[in-house]
Amino acid sequence: MKIIRSILEMRNLRKNISGLVGFVPTLGGLHDGHIAHLNKAKKKSDILIASSFLNPLQFSAKEDLYAYPINEKKDLEIFKNNGVDYAFLPTKEDMYQNLNSTFVDPGEIANVCEGKSRPGHFIGVATIVVKLFNIIEPNFVTFGQKDAQQLRIIKNIIKDLSFEIKIVEIPTIRDKEGLALSTRNTYLRSEEKKSANKIYQSLIMGSKLAKENNINSKFITDKIFSKLNEDPLITIEYIEIVDPITFNQVPSLSQNNLLVLAVKIGKARLIDNININTNE
Ligand code: PAF
């Protein structure tokens, strides 16, 4: 595995790579969820490129940019052991040479759910992802269903900005208690982990209520709110049933609905989602 730390070097190498290039972008802080991305991408590609870049543009001043648990040595080992051919770890200085004046704005979808809780977050994500696409020119890229809104935004970017890149969706990887794997899970102390396990249980409850033909969204989200709110360690940011394309709330369930939520437990801000549908 070759480690590349500059945009120029990455571009020069890319010019000489032929065959199908798969790309797995990450912030670093790798876990088994990322390994699922690498394994899927490896199977489909001739050459696998993975990046690790803790993108400051997608964190606000009050978020955990400086606490984010990155371990470069461990991350590089994970890349190497999972078939990465080129590990791209650019510096902040190289990626954002001076102050950017050009940003990628994903539009209205960036202002609801995660975008409402984290203003500017998706402009930061969209801008770095477009930069990475331009530098790496992958044939396909993996994105996780856990970050459902991010996944939708990347699909929009690929279509709207005419990138010739396929998306390979990776289903959410969960631990044995159902908690979606996330780098931020490492912040959880043991009693907080027990509270975090309730997130998936509450999503399953939502899905069950929908299957019992409760079509009123507020009825379902109120039930989930009450269940999670009983736990003093959980602070709810939002629980919403949304249209999976616009991420706007839907008052009553239709064919295709996504239940999305964000909670804070101790130092961890956790998000998760599930598709919910009635039986009809
Ligand atoms: O999902 C992530 O890890 C990040 O948002 C991404 C796509 C690597 C962009 O920084």
Side-chain angles (χ1 to χ4, degrees), residues 4 7 10 22-38 40-41 48-60 63-72 74-76 78-79 82 84 86-92 94-96 100 103-106 109-110 113-115 117-136 138 140-158 161 163 165-173 180-187 247 260 262 268-273:
I4 300 148
I7 297 176
M10 185 69 246
F23 174 44
V24 177
T26 81
L27 289 166
L30 304 185
H31 50 69
D32 286 354
H34 295 104
I35 293 177
H37 285 243
L38 295 169
K40 186 77 182 254
L48 178 56
I49 303 180
S51 66
S52 171
F53 180 66
L54 189 59
N55 174 31
L57 210 60
Q58 67 188 78
F59 289 79
S60 76
E63 291 181 343
D64 57 345
L65 174 65
Y66 296 104
Y68 209 75
I70 303 283
N71 179 337
E72 189 182 292
K74 184 175 158 226
D75 288 350
L76 285 173
I78 291 178
F79 279 164
N82 289 281
V84 172
Y86 297 95
F88 182 46
L89 282 75
T91 61
K92 280 190 196 75
D94 203 12
M95 275 312 231
Y96 296 120
N100 294 46
F103 300 93
V104 179
D105 185 344
I109 186 175
C113 301
E114 276 302 278
S117 283
R118 306 181 68 187
H121 170 67
F122 285 124
I123 290 183
V125 170
T127 303
I128 194 67
V129 166
V130 166
K131 282 170 75 76
L132 289 166
F133 285 176
N134 281 326
I135 297 163
I136 289 170
F140 73 86
V141 62
T142 64
F143 276 90
Q145 289 172 348
K146 178 179 158 275
D147 296 304
Q149 196 172 358
Q150 168 172 283
L151 173 63
R152 184 69 246 166
I153 286 171
I154 305 301
K155 284 182 182 168
N156 293 351
I157 288 175
I158 287 180
L161 302 183
F163 281 103
I165 299 174
K166 280 209 171 65
I167 290 211
V168 175
E169 287 187 32
I170 308 295
T172 304
I173 311 292
L181 298 195
S182 159
T183 305
R184 292 187 169 100
N185 292 355
T186 57
Y187 299 148
F247 280 72
V260 291
R269 183 180 182 281
L270 303 172
I271 61 171
D272 205 344
N273 68 82

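Read the numbers this way: they start at 1 and go in the same order the structure lists the ligands and their atoms. Hydrogens, waters and symmetry mates play no part in the numbers below; they use all other heavy atoms, side chains included.
- Between Leu132, Thr183, Thr26, Ile153, it is Thr26 that holds the heavy atom closest to atom 8 (C) of ligand 1.
- Below 4.0 Å from some heavy atom of Gln58 lie the following atoms of ligand 1, by number and element: 4 (C), 5 (O), 9 (C), 10 (O).
- Each of His34, Lys40, His37 was scored for a side chain to side chain donor-acceptor pair (under 3.5 Å) with Thr142, with one residue passing: His37.
- Set against the non-hydrogen atoms of Ile128, the atoms of ligand 1 under 4.0 Å away are 9 (C), 10 (O).
- None of Leu132, Thr91, Ile135 except one satisfies the side-chain contact (heavy atoms from CB on, under 4.5 Å) rule with Ile7; the exception is Ile135.
- The shortest heavy-atom contact between Phe59 and Arg184 is CE2-NH2, 3.4 Å.
- Counting only non-hydrogen atoms, the option in Val125, Leu27, Leu151 that gets closest to atom 3 (O) of ligand 1 is Leu27.
- Between Gly28 and Ser52, the closest heavy-atom pair is CA-OG, 3.4 Å.
- Nearest protein neighbour of atom 1 (O) of ligand 1, counting heavy atoms only, is Gln150 NE2, 2.8 Å.
- The backbone N or O of Glu169 sits nowhere less than 3.5 Å from a side-chain atom of Gln145 that would complete a donor-acceptor pair.
- Annotation for ligand 1: atoms under 4.0 Å from non-hydrogen atoms of Phe143 are 7 (C).
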